[in-house]
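One-based numbering, in listed order, for ligands and for the atoms of each.
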Amino acid sequence: MAHASCRDELMHMNGYRCIACAESQATDFAEFVCPSCGGNLDITYDYAAIAEEVAGGFANGQTDLFRYAPLLPVRETDTAFPLRVGGTPLYAAPRLGESIGLRNLYLKDDTVNPSASTKDRAGAVVLRRAIDIGAEVVSIASTGNAGSSLACLAAALGLRAVVFVPESAPAAKLTQALSFGATVFAVRGNYDDAFDLCLAASKEFGWFNRSTGYNPFTREGKKTCAYEIWESLGGRVPDRIVVPSGDGNLLSGLWKGWCDLRAVGLVDQLPKIDCAQSDASAAICLAARRLRDKGESEPDWSTVVIDDVRASTTADSISVNRPRDGLAAVKGILQSGGEAVTIPDAEILAAIPEMASSTGIFAEPAAAAPWAAVKQMLRDDKIEADELVVCIVSGSGLKDIANVQKSVGEPLIIDPSIEEIAVLKSLATTSLFS
Ligand SMILES: Cc1ncc(COP(=O)(O)O)c(C=O)c1O
Ligand SMILES: [Zn+2]
């Protein structure tokens, strides 16, 4: 389904610009990608008008992501949403940071979104759009989280969701989507197969396609994470934000969010945006490094090619052969001066209990990748001890128990008797008494 616009009532959106060739389209452009080159589109705004409106900060009293309505492609009168998306906490993590000598580490806990991942940010803005244009069926290809998120938010709004996931998607994510009443297609193939099928089916049956990156409204939702970090830090700009990346949409959204804040005069510096990927699914990092090695931090973006990889990471959310917002993500890394960090799966899994046991925040594998990346950067002398570092914790550990179990020991199985505990104490089997 195309998405012809309701131009008059949108707040400050003034069109689209191609990420690759920079060609512009008017607000009433009804397709998803650039008609000239097929590149992803970036939504553009009248920043001067927004700057006037938000000069004193964001003051509409909302605590969810529609608090930032002036910077979103939404109607002025219609920012109510039945579930609270966004407005998530930014926690200082002193014990985790100090375990490796970092003095200013923060975790952005996006696991507390309605479907327990950061994907709800994109879904909320896309579904507002779906309602604006009268769409009733919204489709998506997903590694799992975006699908369960769409299903959740569509249920809250009374819309129908069609979800395409790889057959191997974790049971919790599939079960969420089914519970929320979505039609779920578990595709015999990988995420990339699911993506292509969703694209074809959406065109054939006239569904509004929310797939990440391809739908330009997804980046607009993700960028609200940047605004929240800025507000939570009382207007300070972090030195770096470390982002787990598969398609690269979360990363490109975070970069856009900070660029927006600068464009409306609320900040004058920008953070580095670091990309955290498994070394078994590293298309974005490999492309960013290749360009940087060639000294090309501002290349002709229309000529940049992101090579596919054969992804095999156990961090299923970021297992992607062909990143669907890869170019925008590579731009974000290079323009911000961030690092492209790849980490082995074993370190990603080990990061889960490390984070959980010193912060109380339980991450799925993808969401633990930033902490593993921070440790890698410290080993490589890329971070100074007093830098203000924010890791995005993008999905709950409850979403992929099978993989998380690999990184924790077994419980101590005992009879219901105090003597058993005393024996364990005498054998020093547990650290409890040490
Ligand atoms: C928990 C989690 N973290 C990170 C990501 C990566 O986001 P993106 O695909 O936009 O790079 C995803 C995407 O599914 C995710 O579910
Ligand atoms: Zn183009």
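Residue Arg379 qualifies as enclosed at atom CZ: its count of foreign heavy atoms under 6.0 Å is above 12.
Under 2.8 Å from the Zn ion (ligand 2), one finds the following protein N/O/S atoms: Cys18 SG, Cys21 SG, Cys34 SG, Cys37 SG.
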When you pair each N or O of ligand 1 with protein N or O atoms, which pairs come out under 3.5 Å?
unit_1   : atom_1 : unit_2 : atom_2 : d
ligand 1 : 3 (N)  : Ser394 : OG     : 2.6
ligand 1 : 9 (O)  : Asp247 : N      : 2.8
ligand 1 : 10 (O) : Asn249 : N      : 3.0
ligand 1 : 10 (O) : Leu250 : N      : 2.9
ligand 1 : 11 (O) : Gly246 : N      : 2.8
ligand 1 : 11 (O) : Asp247 : N      : 3.2
ligand 1 : 11 (O) : Gly248 : N      : 2.7
ligand 1 : 14 (O) : Lys119 : NZ     : 3.1
ligand 1 : 14 (O) : Ser317 : O      : 3.4
ligand 1 : 16 (O) : Asn145 : ND2    : 2.7
ligand 1 : 16 (O) : Ser317 : OG     : 3.3

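Ring to ring, Tyr91 and Tyr106 are not that close: their centroids are 6.0 angstrom or more apart. Proximity of the aromatic rings of Phe217 and Phe208 is defined here by a centroid distance below 6.0 angstrom, and this criterion is not met.
Between Leu270 and Arg262 there is a side-chain heavy-atom pair separated by less than 4.5 Å. Side-chain contact check for Asp42 versus Glu220: some heavy-atom pair is nearer than 4.5 Å. The closest side-chain heavy-atom distance from Trp371 to Val242 is not below 4.5 Å.
At a cut-off of 3.5 Å, with distance as the only test, a side-chain donor of Asp110 or Thr88 sits close to an acceptor on the other residue.
Sorted by first then second residue, the salt bridge (charged side-chain N to carboxylate O under 4.0 Å, His left out) pairs that include residues 240-252, not counting sequence neighbours, are Arg240-Asp274, Arg240-Glu387.
The side-chain hydrogen bond (donor to acceptor under 3.5 Å, both in side chains) search around Lys382 returns none, not counting sequence neighbours.
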